[in-house]
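Shown next, in C-alpha cells, is the structure this report addresses.
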Amino acid sequence: MFFNDRREERADKQVVELDNQQIPQHIAIIMDGNGRWAKGQNLPRVAGHQRGMEVVKDITKAASDLGVKVLTLYAFSTENWKRPETEVGFLMKLPGKFFDTFVPDLIANNIRVNVIGYVDQLPASTQKAVQNAIAQTANNTGMVLNFALNYGGRAEIVSGVQQIAQRVLSGEIKPEDIDENMLSQSMMTASLNEYADPDLLIRTSGEERLSNFLLWQIAYSEFVFVDEHWPEFTASVLKRAIKIYQSRHRRFGGLSENKSDKK
Ligand code: IPE
Ligand code: IPE
Ligand code: MG
C-alpha cells in the first residue's frame, strides 16, 4: 500500500507540457467510478462520493489555473434517482457540504458557480445551498464552475422544444423560424454564451458512453476517456487529457481547424 502510494505519487508528478494557447475553453467531465473506487478500498459507496467531492475542489482550482473558461461537472443525472434512497440522500447533501467549505476558495479564485438541470426538483436544502453559492459568487468574472445537477440531455431537449412550441402557438414565431441557434438558445447552457458547447469531454473510470450528458452541445466536442476512477483523478490526469485534446485535429466538417474554413 505504502509502495503503491509512492509510485502513484511519482506517476502524478510526470511533467505534462501543455500549449497554453490551446487550452480547451469549455471542459465537461462525467465524474464516474466513485462507487467502484470505494468498493476497491472496502469502503461503502458513499465514501467514494465523499472523496469525489474533495477531488472536485482540486480539479476546479487546477482548471481555473490553466485558464479554462467553463468547467461543467456531471454530478447527478435525471436517471440517478433510480439508486437506493440512502445513496440519493447522501448525494443530495453533498452540494451543501461542498459549498459550506469551498465558497471562500471560489471567491479567492474569482470563480462563478452556475447550475444546469432541474434544480426545482431537488430537496429544499439542496436548492438553498446551490442558490446561496450562485448568489455569493455572482460577481466573479473568472472561470464558471457549472454543475449539472438533476440534469438529463434528452429532458433538456424536450424542455427546449416545448418552449419553442409555445412561441409558435402564440404566433410569436413561425415553424420555419426555428433554427440551430434557436435550439441552442433554449438549452440550459444558453447563459454560457460562446462557451456553451464543450471543447473537451472527459469521462473517468473506463466507461465509454455519454449517459445522457449534453447531447445537443457535444456535436463537435473531443472525447477523452481515462481509466482512473473519479476519486483518483488529479490535476496531472487532467493535463494528460488536455494534452491528448491538443494532439487532435478538429475539423468541424471542413479541412482545417478553422470553424469558418470554406476551402
Ligand atoms: C459517479 O460515480 C457519481 C454519480 C453518478 C453520482 P458512480 O456512483 O456512478 O460510481 P460507479 O460508476 O458505480 O463506480
Ligand atoms: C453518469 O454516471 C452520471 C454522473 C456521473 C452524474 P452513471 O454512473 O449514472 O452512468 P451509467 O449508469 O453507468 O450509464
Ligand atoms: Mg457510474
Side-chain angles (χ1 to χ4, degrees), residues 26-60 63 70-99 102 113-123 125-127 129-130 133 144-159 187-189 198 200-218 221-234 237-238 241:
H26 181 173
I27 300 180
I29 308 183
I30 303 174
M31 308 183 289
D32 198 16
N34 290 353
R36 277 164 285 161
W37 175 84
K39 199 175 168 212
Q41 311 279 318
N42 282 316
L43 293 169
R45 285 181 57 85
V46 293
H49 298 316
Q50 179 74 32
R51 170 77 178 248
M53 182 187 83
E54 297 303 326
V55 173
V56 169
K57 295 178 184 173
D58 293 345
I59 298 310
T60 297
V70 178
L71 177 66
T72 299
L73 300 176
Y74 203 5
F76 193 87
S77 78
T78 46
E79 288 72 41
N80 286 145
W81 298 106
K82 293 176 192 164
R83 296 187 178 198
E85 219 177 296
T86 48
E87 181 169 342
V88 170
F90 189 91
L91 289 168
M92 288 302 144
K93 289 202 181 75
L94 278 184
K97 289 189 195 174
F98 177 81
F99 292 124
F102 201 52
V113 174
N114 190 63
V115 171
I116 55 172
Y118 297 88
V119 179
D120 56 335
Q121 293 167 9
L122 300 174
S125 57
T126 313
Q127 289 188 42
V130 168
V144 176
L145 175 59
N146 185 35
F147 282 104
L149 257 183
N150 195 22
Y151 172 86
R154 286 190 168 181
E156 177 188 41
I157 293 170
V158 169
S159 298
M187 295 297 140
M188 293 165 172
T189 45
L200 169 61
L201 176 104
I202 301 170
R203 184 170 187 146
T204 62
S205 86
E207 303 294 351
E208 302 190 355
R209 58 176 169 271
L210 285 175
S211 303
N212 204 11
F213 194 37
L214 299 175
L215 299 180
W216 174 263
Q217 297 87 343
I218 46 89
S221 305
E222 294 294 331
F223 294 2
V224 173
F225 300 102
V226 302
D227 286 334
E228 284 85 354
H229 294 313
W230 179 250
E232 302 164 322
F233 198 85
T234 61
V237 183
L238 175 68

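Please read these numbers as outputs of a predicted model, since none were measured by experiment. Computed from heavy atoms alone, side chains included, the values below leave out hydrogens, waters and symmetry copies. When a ligand or atom number is given, it counts from 1 through the structure's own listing order.
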Pairing of Glu54 and Lys57 as salt bridge, 4.0 angstrom limit: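 Counted as a salt bridge, because a side-chain N and a carboxylate O are separated by less than 4.0 Å.
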Residue list, side-chain hydrogen bond (donor to acceptor under 3.5 Å, both in side chains) with Asn34, at least two apart or on another chain: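 Checked Asn34 against side-chain hydrogen bond (donor to acceptor under 3.5 Å, both in side chains); matches are His49.
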Run through the protein N/O/S atoms less than 2.8 Å from the Mg ion (ligand 3) and write them out by chain and number.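 Correct list: Asp32 OD1.
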Are side-chain heavy atoms of [X] and [Y] found at a separation under 4.5 Å?
X      : Y      : result
Val88  : Phe76  : yes
Pro198 : Leu214 : yes
Ile29  : Leu71  : yes

Does an N or O from Trp37, backbone or side chain, lie closer than 3.5 Å to an N or O of ligand 1?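 No, since none of the N or O atoms of Trp37 sits under 3.5 Å from an N or O of ligand 1.
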Where does ligand 2 get N/O contacts under 3.5 Å from the protein, atom by atom?
from: ligand 2; atom 1: 8 (O); to: Asp32; atom 2: OD1; distance (Å): 3.3
from: ligand 2; atom 1: 8 (O); to: Arg83; atom 2: NH2; distance (Å): 3.2
from: ligand 2; atom 1: 9 (O); to: Asn80; atom 2: ND2; distance (Å): 2.9
from: ligand 2; atom 1: 9 (O); to: Arg83; atom 2: NH2; distance (Å): 3.3
from: ligand 2; atom 1: 10 (O); to: Arg203; atom 2: NH2; distance (Å): 3.4
from: ligand 2; atom 1: 10 (O); to: Ser211; atom 2: OG; distance (Å): 3.3
from: ligand 2; atom 1: 13 (O); to: Arg209; atom 2: NH2; distance (Å): 2.7
from: ligand 2; atom 1: 14 (O); to: Arg209; atom 2: NE; distance (Å): 2.8
from: ligand 2; atom 1: 14 (O); to: Ser211; atom 2: OG; distance (Å): 2.6

The single option from Glu156, Glu79, Arg154 that satisfies side-chain hydrogen bond (donor to acceptor under 3.5 Å, both in side chains) with Asn212 is Glu79
Output all residues satisfying ring pair (Phe, Tyr, Trp, His ring centres under 6.0 Å) with Phe223, sequence neighbours left out; order by chain, then residue number. none
Decide whether Ser211 and Tyr74 meet the rule of one side-chain donor and one side-chain acceptor closer than 3.5 Å.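 Note: Ser211 and Tyr74 side chains miss the donor-acceptor criterion.
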For ligand 1, does His49 get within less than 4.0 Å through its side chain, its backbone, both, or neither, judged by non-hydrogen atoms?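 For His49, only side-chain atoms sit under 4.0 Å from ligand 1.
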Hey, which of Asn146, Val130, Val70 is the one that makes side-chain contact (heavy atoms from CB on, under 4.5 Å) with Asn114? Asn146
Counting only heavy atoms not in Asp227, do more than 12 fall under 6.0 Å of its CG? no
